[in-house]
K.L.:
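Can you keep this structure in mind? I'll have questions shortly.
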Amino acid sequence: VSSLAISGISELTTNDPTLGEGRLGRLHDAGIVIDEGRVAWVGPSARTPPADRHLPAAGRAVTPGFVDSHTHLVFAGERSAEFEARLAGTPYTGGGIAATVSATRAASTAELREHSAGLHLAMRRGGTTTVEAKSGYDLTVDGERRLCEVASELTEEVTFLGAHVVPDEYADDRDGYVELVGGAMLEACRDFVRWVDVFCESVAFTVDETRAIAQRAQSVGLGVRLHGNQLGHSGGVALAVELGAASVDHCTYLAASDVEALAHTDTVATLLPTADLFTRSPSADARALLDAGATVALATDCNPGTSYVTSMGLVLALAVASLSMTVDEALWSATRGGALALRRPDLGQLGLGAHGDLVVLDAPRAAHLAYRPGIDLAALVVKGGMTVAGGE
Ligand SMILES: [Zn+2]
């Protein structure tokens with residue numbers, strides 16, 4: 001592993017307030033050095049120390065790599081017909097998950113590997129350097145294990161989501177399925193995962209069922225993240241805070257008490273604006289969360305039903321447009337916020353000692369991410385000091 005120096009950075013966002021201006025620790029006309037995969041030096045461009053490899057940024061902006069902390073990366077099939085029908089007036093109720101479960105069960109492991117690797121590559125090319133990936137589209141013991149294993153080949157941040165929905169074959173035995181998820185299925189998956197997730201929603205799992213599964217996972221050392229309050233006031237947010245979850249995701253429907261709880265906890269509120277927009281749901285109240293002092297992350301929710309999106313740049317732009325977030329708030333939430341949602345303080349920032357994960361943007365300022373929505377601005381993507389996309 002060699003060292004990498006980048007100089008001539010017009011605007012460097014570090015997310016380390018001790019290194020530069022404001023909460024985003026911003027420097028102008030800056031340089032950065034990554035050595036042995038970690039940030040080793042940050043300062044004025046003209047003083048950039050020599051390194052094995054030197055890249056002139058030539059007046060372009062650099063940000064930390066995006067941390068996409070909520071994706072359903074491993075699945076087969078596609079649901080464009082359901083998507084079209086829903087946008088023509090059929091409300092989303094979560095029932096379409098069963099279609100992806102059938103397609104995923106029928107797919108070979110090689111097909112799942114190739115498909116998820118393709119999505120992962122698209123994310124990389126868009127500037128995402130860390131991806132969380134959930135299981136949840138098989139819902140059998142061996143099948144969930146297979147999805148967790150495939151996901152673990154792509155990322156360290158794998159989440160067991162056996163409790164995505166109750167599969168058809170357990171429609172008359174919910175308790176039996178909850179017992180299976182927290183028992184044999186969890187046992188089969190735990191070696192591949194850091195996290196457990198439960199879809200805590202009226203169409204999926206109740207608060208009590210969610211608590212039971214999450215506590216079983218906590219007892220074997222897994223961290224908790226929950227889907228909560230996407231389709232209504234599910235109680236998922238309050239439960240996430242009660243359980244000390246790392247993150248509660250969606251938060252589309254929030255009571256004042258939910259906002260208050262999130263403002264006084266380490267549990268991150270992860271917002272998924274593309275899921276809300278493409279289901280024509282209300283937008284999560286990001287302003288209430290931010291103004292109360294809650295920690296907010298942004299993620300793609302990449303999944304074949306409600307948000308078949310791999311671009312964190314698009315998510316960031318839509319958060320600015322539809323959630324009334326400032327550009328800097330959205331950039332922080334898409335990088336540092338995601339890292340905190342994964343309890344990874346070494347990611348989503350470019351302070352000394354942090355992972356050398358960054359994006360050189362084809363733009364002089366990071367604000368172009370929102371200013372030019374839909375344009376892929378990631379000119380070069382670096383992970384641990386190595387170029388992983390762009391730059392050819
Ligand atoms: Zn999701």
Side-chain angles (χ1 to χ4, degrees), residues 67-75 77-79 82-83 86 92-101 104 116 119-120 123 128 130-139 144 147-148 151 155 157-166 181 193-205 210 213-214 223-232 234 236-237 239-240 245-253 267-279 281 283-284 296-312 314-315 318-319 333-334 337-338 341-342:
V67 179
D68 189 349
S69 61
H70 184 138
T71 87
H72 302 256
L73 195 64
V74 190
F75 64 89
E78 60 91 28
R79 282 153 55 195
E82 174 197 316
F83 175 83
R86 186 175 62 240
Y92 176 62
T93 59
I97 290 170
T100 299
V101 169
T104 303
S116 52
L119 292 173
H120 187 254
M123 292 169 171
T128 299
T130 300
V131 176
E132 180 262 16
K134 302 177 197 297
S135 70
Y137 286 121
D138 191 292
L139 313 180
E144 286 294 308
L147 300 185
C148 290
T155 179
E157 302 295 338
V158 181
T159 301
F160 166 52
L161 180 59
H164 199 180
V165 288
V166 176
V181 170
V193 307
R194 271 192 84 201
W195 305 101
V196 68
D197 192 345
V198 179
F199 192 17
C200 182
E201 208 66 57
S202 60
V203 299
F205 295 89
T210 303
I213 293 165
V224 174
R225 38 202 331 101
L226 297 181
H227 283 67
N229 298 45
Q230 177 187 4
L231 305 174
S234 71
V237 170
L239 178 63
S247 181
V248 59
D249 300 27
H250 283 289
C251 301
T252 306
Y253 292 86
T267 303
V268 173
T270 299
L271 308 184
L272 309 166
T274 50
D276 287 338
L277 280 164
F278 289 106
T279 54
S281 300
S283 290
V296 172
L298 290 166
T300 60
D301 195 17
C302 179
N303 79 82
T306 57
S307 181
Y308 202 172
V309 169
T310 51
S311 168
M312 285 293 285
L314 178 66
V315 167
L318 292 176
S333 291
L342 293 170

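Atoms considered below: every heavy atom in the structure, side chains included; atoms not considered: hydrogens, waters and symmetry mates. Counting starts at 1 for both ligands and their atoms, following the listed order. Predicted model, so just to flag it, every value in this text is computed and none were measured.
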K.L.:
Taking all non-hydrogen atoms of both residues, which atom of Ala341 and which atom of Ala246 are closest, and how far apart?
P.N.:
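Nearest heavy atoms, Ala341 then Ala246: O-CB, 3.5 Å.
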K.L.:
Ser234 vs Asn229, test: side-chain hydrogen bond (donor to acceptor under 3.5 Å, both in side chains). Steps then yes/no.
P.N.:
CA-CA 5 Å; Ser234 71; Asn229 298 45; 3.0 Å; yes
K.L.:
Donor-acceptor pair, distance only, cut-off 3.5 Å: does the side chain of Asp138 make one with the backbone of Thr104?
P.N.:
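Here the side-chain-to-backbone pair does not exist.
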K.L.:
Work out how many protein N, O or S atoms lie closer to the Zn ion (ligand 1) than 2.8 Å.
P.N.:
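Excluding waters, the total comes to 4.
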K.L.:
Sort out for me which residue in Thr300, Val309, Thr310 forms a side-chain contact (heavy atoms from CB on, under 4.5 Å) with Thr71.
P.N.:
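Output: one option passes, namely Thr300.
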K.L.:
Would you please name every residue forming a ring pair (Phe, Tyr, Trp, His ring centres under 6.0 Å) with His120, sequence neighbours left out?
P.N.:
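Result, ring pair (Phe, Tyr, Trp, His ring centres under 6.0 Å) vs His120: none returned.
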K.L.:
Any chance you could measure Arg225, atom CZ, to Lys134, atom NZ, to the nearest 0.5 Å?
P.N.:
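Taking CZ in Arg225 and NZ in Lys134, the distance rounds to 5.5 Å.
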